[in-house]
Amino acid sequence: MSTLELRSRLAAGLGRAAPQGAASAPSRGGARGLRRLSGLSGWLLPLAILALWEAASRLALVSPQLLPTPGAVVAEILALAQSGDLFDHVAVTAGRVFAGFLWGTLAATLLGTLTGASAAARSLLDPTIQALKAVPSLAWVPLFILWFGIFETSKVALIAVGVFFPVYLNLMAGIRQTDRKLVEVARVYGLGRWQIARRVLVPATLPSYFVGLRGGLALGWMFVIAAELMGASEGLGFLMVDGQMTGRPALIVASLILFALVGKASDALLAGLGRHLLTWQDSLENREGAGNA
């Protein structure tokens, strides 16, 4: 019995009924049109920023040594692509983020499940974890260099720290906020502890868990900058430092743009996975998606 079925039985038991005369859903054609407009609207702000940037460059409102022209940034990216360095640096940084995301998520899932399901574990572990959450990211750098050196292990460990806390907090909160009535109904229907965990707690927790995963992934991309300051010779963070040391602001801005693009692409993949696994959820997002089917 799934969480959705349990909610349906609860609704039936409480005598809930759909309101009469409810407005009908929009037509598929209208929904597709709204979806297209919504997708295009996401480009309005980047295009407006690009137009203001180009105007400021043409009117010489900002020195090129402080803010290079859009053309100079594009030329820098194309030069990196033609030399083959662009894909190497992106792959190295993405690999570090993926490894840190994997280890941070694994640790957060184990501890978040434990503290969410057990009051004793929560009282023992959660205060210390909450205290560690307040430690700034750069404060971990000297310690990790001392422990692991300046090689990949220290970089992946720092990224994993950034990923850990959002995943842990959202998973623990998702477990603690599971509707108590769902668990009681599951027990009434004879479900054992593991069946309740698999059929009730896991589906009920997945929405919060994916929020934590997306937050952890975003922090992983932020922490990789600090990680690549630890003696890296490859990666987008290295390109930014190289641009600073050689006085090439176009390279710095190009690295920032590449971080934004690759980070957005990874977040979109994770969000798509979340939508696929949460199709059962009666949410506004799923209703909008169903209108476009």
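We count residues from 1, following the sequence as given. Note that the coordinates shown come from a computational prediction; the quantities given were computed from them, not determined experimentally.
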Between atom CD1 of Ile252 and atom CE of Met245, what is the distance when rounded to the nearest 0.5 Å?
11.0 Å

Spacing of Glu76 atom CD and Leu86 atom CG [to the nearest 0.5 Å]:
10.5 Å

Do you know which two heavy atoms are closest between [X] and [Y], and how far apart they sit?
X      : Y      : answer
Pro68  : Ser57  : O-OG, 4.3 Å
Ala94  : Trp221 : CA-CH2, 4.1 Å
Arg176 : Gly116 : CD-O, 3.0 Å

Between Thr93 (side chain) and Leu236 (backbone), is there a donor-acceptor pair under 3.5 Å?
yes

In one Ile/Leu/Val/Met/Phe/Trp/Tyr side-chain cluster, 4.5 Å: [X], [Y]:
X      : Y      : result
Leu269 : Tyr209 : no
Phe98  : Ile159 : no
Trp103 : Val135 : no
Phe151 : Val97  : no
Leu52  : Leu50  : no

Would you say that [X] contacts [Y] through its side chain, given a criterion of any heavy-atom pair below 4.5 Å between the two side chains?
X      : Y      : result
Leu106 : Leu102 : no
Phe165 : Ile129 : yes
Phe259 : Leu239 : no
Phe164 : Leu132 : no
Val62  : Trp53  : no
Phe148 : Val156 : no

Among Thr105, Thr109, Asp126, which residue meets the side-chain hydrogen bond (donor to acceptor under 3.5 Å, both in side chains) test with Tyr168?
Asp126

Looking at Glu228 and Lys155, is any side-chain nitrogen of the basic one under 4.0 Å from a carboxylate oxygen of the acidic one?
no

Would you call the rings of Phe144 and Trp147 parallel, tilted or perpendicular if under 30° counts as parallel and over 60° as perpendicular?
tilted

